[in-house]
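What follows is a single structure, written as structure tokens, with notes after it.
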Amino acid sequence: MRDPASEPIAGTESPEESAAITLDDVWVRFGKPADPVIAARELTLRIPRGKIFCLLGPNGSGKTTAINLISGLLSPSQGQVRVFGHTPDKDRTRTLSKIAVVPQETTLYDSLDARENLFFHGHYYGVDSARLPGLVDHVIDLVQLTDRAKHRVGTYSGGMQRRLTLARALLTEPEALLLDEPTLGVDVQSRRALWDRIRELADGGMSVLLTTNYMEEAEELADYITILDHGRKVVDGTLDELRARVAEQRLLLHFDAADVADQAAASLSRASRPGGEADATVEVALNDPKEAMRVVSSLRENGSLGDRLEGFEWSEPNLQDVFLQFTGRALRD
Ligand SMILES: Nc1ncnc2c1ncn2[C@@H]1O[C@H](COP(=O)(O)OP(=O)(O)O)[C@@H](O)[C@H]1O
Ligand SMILES: [Mg+2]
């Protein structure tokens, strides 16, 4: 819960301070200086408060590196990382009082049950012991594991273990949650449950940084997306902004006769007849996805053409198209 007294005074808050987490021109180099592996290159990120910020990228693109920089496990070779005003590698204790991490590898005690795992973690992180039992019940309920709370964690499915790891992260009541590929290898039902919880947490004011290489996950959850490749930011923005940057966006209109398609093509701008004269399809190139509905409604208002429109399709560009356009490769090569 946020204490209003500790919030910056209105009007004094700069855009820098309003971000929960910032990375400025961060480089991470591993290995020999002469032949380094570069895991982050001039990486600049602004992770806002109360939103879901997604780092999307293939394996090895630097997602876990970013999480490790923010949680202070890794120091930048160059550049600056700030987490609610703290420098994570220099001040891990204060950083970890503000954030919690759900790591890529699930690290639970298999021989303990869910409650025992959470009590252990709570004591370790110094959660007030008077409040701990209530918090444990609350977070177990939140991830819908109450029925299984007394079962050994070793008997849980992968998805249940991920949910418990999320519950564990919430025990310390963080202001920001870092989720490193939270649904990797998780069954569909648990994935949906995790997505719902993550969305609810952000709606409740939590700042969420989520990494994934699942486009569907970014499309479903992210308020902001940064695409990473080889440790570098490829492109960033909201889902709509990224889609709008894909050059090829097309609306296909199917009419009931070729001559009607000719008339329609003549009446619309940026229209063509990709199937040739005998075909009754018109293709319209769009600048903006929102134009698709405008074109269809304008046709519908024009009775002579609208009545002859049998159907339309619009292939909305997805993040795969965005990735392809900016890197020249498929997201999962
Ligand atoms: N400790 C390390 N030593 C050497 N190379 C590393 C180390 N950690 C990560 N890397 C390399 O840095 C790159 C980014 O890794 P990582 O951040 O784990 O990617 P992701 O999480 O996106 O799969 C990869 O090429 C990886 O092999
Ligand atoms: Mg990783």
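Along the sequence shown, residues are numbered consecutively beginning with 1.
- The residues Asp113 and Lys150 are annotated as not salt-bridged, no charged nitrogen and carboxylate oxygen being separated by less than 4.0 angstrom.
- To the nearest 0.5 Å, the span separating NZ on Lys233 from OG1 on Thr226 amounts to 5.5 Å.
- Considering Lys63, Glu220, Glu217 as possible partners of Thr212, the one that fulfils the side-chain hydrogen bond (donor to acceptor under 3.5 Å, both in side chains) test is Glu217.
- Residues Trp27 and Leu23 do not share a hydrophobic cluster, defined by chaining ILVMFWY side chains whose heavy atoms lie under 4.5 Å apart.
- In this structure, Asp187 does not pair ionically with Arg191, as no charged nitrogen and carboxylate oxygen lie closer than 4.0 Å.
- The pair Glu173-Arg131 counts as a salt bridge, with a side-chain nitrogen and a carboxylate oxygen less than 4.0 angstrom apart.
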What side-chain donor-acceptor pairs closer than 3.5 Å can you find for residues 52-61, not counting sequence neighbours?
from  : atom 1 : to     : atom 2 : distance (Å)
Asn59 : OD1    : Asn213 : ND2    : 3.3
Ser61 : OG     : Pro58  : O      : 2.7

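- Between the Thr106 side chain and the Arg162 main chain, no donor and acceptor come within less than 3.5 Å of each other.
- Aromatic ring orientation, Phe120 versus Tyr124: parallel (interplanar angle below 30°, classes split at 30° and 60°).
- With respect to Arg92 and Asp89, no salt bridge is recorded, no charged nitrogen being found less than 4.0 Å from a carboxylate O.
- Between Pro76 and Val26, the shortest heavy-atom distance links the atoms CB-CG1, 3.8 Å.
- Residues Leu324 and Val246 fall into different hydrophobic clusters, defined by Ile, Leu, Val, Met, Phe, Trp and Tyr side chains chained together at heavy-atom separations under 4.5 Å.
- Using a 4.0 Å cut-off between charged side-chain N and carboxylate O, Arg94 and Asp91 make a salt bridge.
- For the pair Leu118 and Leu132, the minimum side-chain heavy-atom distance is 4.5 Å or more.
- The existence of a salt bridge linking Arg82 and Asp24 is excluded, since no basic side-chain nitrogen approaches an acidic carboxylate oxygen closer than 4.0 Å.
- Cluster membership for Val295 and Phe312, using ILVMFWY side-chain heavy atoms within less than 4.5 angstrom, is shared.
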